[in-house]
Amino acid sequence: MDSVDRKDTEANAPSVIDRYYTRWYRADMKGKQSEDHCILQHSNRICVITLAETHTVLQNGRAIKNITYQISNGCSRLNNKVSGKSKRGGQFLTDFAPLCRITCTDDTEYTIYSCIRGRLLEVNENILETPSLLLEKPSTEGYIAIILPKFEESKSITENLLTREDFERVVSERSVTQSQPS
């Protein structure tokens with residue numbers, strides 16, 4: 001195999017995300033248009049919560065001023081500590097549990113939700129120091145959190161989520177609706 005063939009093969013190879021994760025989507029979170037979330041589900045049940053590429057934060061060249069995992073006075077996702085094989089001690093989250101709040105430079109605030117039920121394993125502290133990771137690499141280094149659904153619920157968590165094809169259909173219908181004059 002010569003170097004040209006190798007480069008072609010590498011260019012056409014799927015990314016790690018596409019190879020090992022199934023993408024699920026939640027469109028218009030809590031009825032807020034274009035606040036779309038993406039859930040990357042691995043075959044071992046672990047789910048990575050990210051922003052969908054259509055989320056408002058990632059559009060129109062927005063800049064992020066602040067990201068906080070402090071949900072309320074008594075609840076910070078940064079205080080989450082897990083230990084052991086069964087990940088004891090992780091905060092249990094419901095579908096609509098807030099994970100973090102993102103404030104843009106125009107002072108618009110967005111709340112990012114878990115989208116699925118499960119135990120919070122980790123939050124991405126790197127985006128606190130480097131918020132641009134969220135804008136530049138939302139599916140990889142700019143992820144929001146990692147959640148482990150209960151074993152019994154691991155098959156049913158996707159019932160309220162959209163496949164990539166369904167999500168693309170929702171986004172295209174949304175853009176048609178927005179482009180039509182009132």
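Along the sequence shown, residues carry numbers from 1.
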Q.
Using every non-hydrogen atom in the two residues, find where C115 and I39 come nearest and quote the distance to one decimal.
A. CB-CD1, 3.7 Å
**Q.** Residues in ring pair (Phe, Tyr, Trp, His ring centres under 6.0 Å) contact with Y113, at least two apart in sequence or another chain
**A.** none
Q) Linking I/L/V/M/F/W/Y whenever their side-chain heavy atoms sit closer than 4.5 Å, directly or via other members, would Y25 and I17 fall into one cluster? A) no
Q: Please report the shortest heavy-atom distance between I71 and L99, naming the atom on each side.
A: CD1-O, 3.4 Å
Q: Can you measure from SG (C100) to CD (Q70) and round to the nearest 0.5 angstrom?
A: 12.5 Å
Q.
Give me the atom names and distance for the closest heavy-atom approach of R62 to C104.
A. CD-SG, 4.1 Å
Q. Are any of the side-chain heavy atoms of Q41 and Y20 separated by less than 4.5 Å?
A. no
Q.
For a 4.5 angstrom cut-off between non-hydrogen side-chain atoms, does F96 reach M29?
A. yes
Q) When you measure from the side chain of T163 to the backbone N and O of D166, does any donor-acceptor pair fall under 3.5 Å? A) yes
Q) Are the side chains of I147 and I116 in touch, meaning some heavy atoms are under 4.5 Å apart? A) yes
Q: With rounding to the nearest 0.5 Å, note down the distance linking CZ in R117 to CG in L93.
A: 10.0 Å
Q.
Same cluster or not: L135 versus V48, using hydrophobic residues (I, L, V, M, F, W, Y) connected whenever any side-chain heavy atoms lie under 4.5 Å apart?
A. no
**Q.** Check: L120 main-chain N/O paired with N80 side-chain donor or acceptor under 3.5 Å
**A.** yes
(Q) Under 3.5 Å, is there a donor on one side chain and an acceptor on the other for R119 and Q91? (A) no
Q. In Å, rounded to the nearest 0.5 Å, how long is the span from CD1 of I64 to OG of S132?
A. 8.0 Å
Q) Residues in ring pair (Phe, Tyr, Trp, His ring centres under 6.0 Å) with Y110, at least two apart? A) H55
Q) Among pairs that include at least one residue of residues 31-52, which meet salt bridge (charged side-chain N to carboxylate O under 4.0 Å, His left out), considering only residues two or more places apart or in two chains? A) D36-R174
Q) Can you check whether T94's main-chain N or O pairs, donor with acceptor, with S114's side chain at less than 3.5 Å? A) yes
(Q) Please report the interatomic distance OG1(T54) to NE2(H37), rounded to the nearest 0.5 Å. (A) 10.5 Å
Q) With side chains defined as the heavy atoms from C-beta onward, is the minimum distance between C47 and P149 less than 4.5 Å? A) yes
**Q.** Basic-acidic side-chain contact under 4.0 Å: D107, K65
**A.** yes
Q | Check ion pair E165-R169 (N to O, under 4.0 angstrom) | A | no
Q. Closest approach of F167 and A52, non-hydrogen atoms and distance?
A. CZ-CB, 4.0 Å
Q: Determine whether Y21 and L121 fall in the same hydrophobic cluster, where Ile, Leu, Val, Met, Phe, Trp and Tyr are linked whenever their side-chain heavy atoms lie under 4.5 Å apart.
A: yes
Q: Would you mind reporting whether L162 and V170 have side-chain heavy atoms less than 4.5 Å apart?
A: yes
Q: Flag the pair L51 / L134 as yes when at least one side-chain heavy-atom distance between them is below 4.5 Å, and no otherwise.
A: yes
Q: Please check if L128 and I112 belong to a single hydrophobic cluster, counting links between Ile, Leu, Val, Met, Phe, Trp and Tyr side chain heavy atoms closer than 4.5 Å.
A: yes
Q: Assess K137 against Y143: is NZ or CZ under 6.0 Å from the centre of the six-membered ring, and within 45 degrees of the ring's axis?
A: no
Q | Any donor-acceptor N/O pair, T56 side chain to S34 backbone, under 3.5 Å | A | yes
Q. Do other residues, nucleotides or ligands put more than 12 heavy atoms under 6.0 Å from the CZ atom of F92?
A. yes
**Q.** D18/R23 under salt bridge (Lys or Arg N to Asp or Glu O under 4.0 Å): CA gap, chis, key distance, verdict
**A.** CA-CA 8 Å; D18 292 333; R23 290 179 190 262; 3.4 Å; yes
Q. Can you name the closest pair of heavy atoms from I127 and L133 and give their distance?
A. CG2-CB, 4.2 Å
Q.
Any non-hydrogen side-chain atom of P138 less than 4.5 Å from a side-chain atom of L58?
A. yes
Q | Close side-chain approach of I144 to T50, heavy-atom, < 4.5 Å | A | no
Q: Determine the minimum heavy-atom distance between R77 and P98, stating which atoms define it.
A: NH2-O, 2.8 Å
Q.
Working to the nearest 0.5 angstrom, can you tell me the gap between T158 OG1 and W24 CH2?
A. 4.0 Å
